[in-house]
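Residue numbering restarts at 1 for every chain, and letters A, B, ... go by the order of the sequence lines. All of these numbers come straight from a predicted model, not from anything done at the bench.
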Amino acid sequence: MSDTAERVKKIVVEHLGVEEAKVTENASFIDDLGADSLDTVELVMAFEEEFGVEIPDDAAEKIQTVKDAIDFIDANS
Amino acid sequence: MFDLTGKRALVTGASGGIGGAIATALHAQGAVVALSGTRQEALSAVAEKLADRTYVIPANLSDPESVEALAKSALEAMGGVDILINNAGITRDQLLMRMKDADWADVMRVNLESAFRLSRAMMRPMMKARYGRIISITSVVGVTGNAGQANYAASKAGMIGFSKSLAQEVASRGITVNCIAPGFITSPMTDALGEDQRTRLLGGIPAGRFGEGDDIASAAVYLSSAEAGYVTGQTLHVNGGMAMI
Ligand SMILES: NC(=O)c1ccc[n+]([C@@H]2O[C@H](COP(=O)([O-])OP(=O)(O)OC[C@H]3O[C@@H](n4cnc5c(N)ncnc54)[C@H](OP(=O)(O)O)[C@@H]3O)[C@@H](O)[C@H]2O)c1
């Protein structure tokens, strides 16, 4: 697992209070991990902070799964 | 109770009667306050009276860019904003049939749009802090309506709908969003009333007096406090009983 993936998963586990095993790459924040729309906003804020990237609103809307987040960060940091 | 030590408040319209009273009261409870308005001198006078824990950040709220800049400056100056008081407001009274586009647009921009922009700018920091108090000063006429004030009443009613919606969005994050609706508050405007008019108006106020800035400020202290954390999406009417709604 890449370093990005590990850090992303750690943030998701902390913010959503879900079991680590559930945070697979294809897990959807809302459908699989029980996030509400505000949680997803907060996750994006946490990613921005952790990785020092700026995630614009239109990109943030497309980040729906753990993998979406990892890919965006890898492509933009 | 109602201790605000360490809390940081941005008060718009702090150069005015009600805003000055609110800033003074929050400060007295221990808050750091950023005072905003367009008249630098009037703001500095308030800041001088309060002495410490104040910042003066002038801004013209009819200009969207200045509103965004105000939010940024306040966040930077105080290292965050825990309490936002949307108090600045103007009237451009006119019967609707004579109301100019500018009368409508100016009132909407200063009263309603600035509250939207400032609140939006505070979302991120307040969500992170898991604490926030957004209080907008609306008016009794936003609920009752008033002939000659279609623009003003619409802007004030708009603040109430705005606050209720935002309150639902962020309640789970420790952020409350409320309105205070003053009735008639002593101001240069009420001072200028003739004796007849005064008597007539007072006849409609069971408390038998106009309100003071401090009456509004006390309500603002309460809604700003940690103790009011379970109160959200509400409009607190402070009007001596002139409208019981
Ligand atoms: N007084 C009442 O009876 C009453 C009743 C119900 C509701 N209210 C509401 O209470 C609030 C305060 O009223 P008040 O009686 O204290 O009135 P005020 O003394 O006239 O104060 C109005 C404040 O708004 C600020 N303001 C106006 N236009 C602005 C602009 N373009 N940019 C930035 N700031 C601007 C003024 O700042 P500058 O002077 O520095 O420009 C001033 O500090 C208003 O929202 C009003 O609608 C008042």
Inter-residue atom distance B:R130.CZ - A:E42.CD, 0.5 Å rounding: 4.0 Å
How about [atom1] on [X], more than 12 heavy atoms from neighbouring residues, nucleotides or ligands closer than 6.0 Å, or not?
X: A:D57; atom1: CG; answer: no
X: A:K67; atom1: NZ; answer: no
X: A:D58; atom1: CG; answer: yes

Nearest heavy-atom neighbours spanning A:D36 and B:R173: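 For A:D36 and B:R173, the tightest heavy-atom pair comes out as OD1-NH2, 3.8 Å.
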Minimal non-hydrogen separation, B:V170 against A:L38, with atom names: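 Reported closest heavy-atom pair: CA-CD2, 4.2 Å.
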A:V41 and B:M123, any side-chain heavy atoms less than 4.5 Å apart: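 Sidechains of A:V41 and B:M123: no contact.
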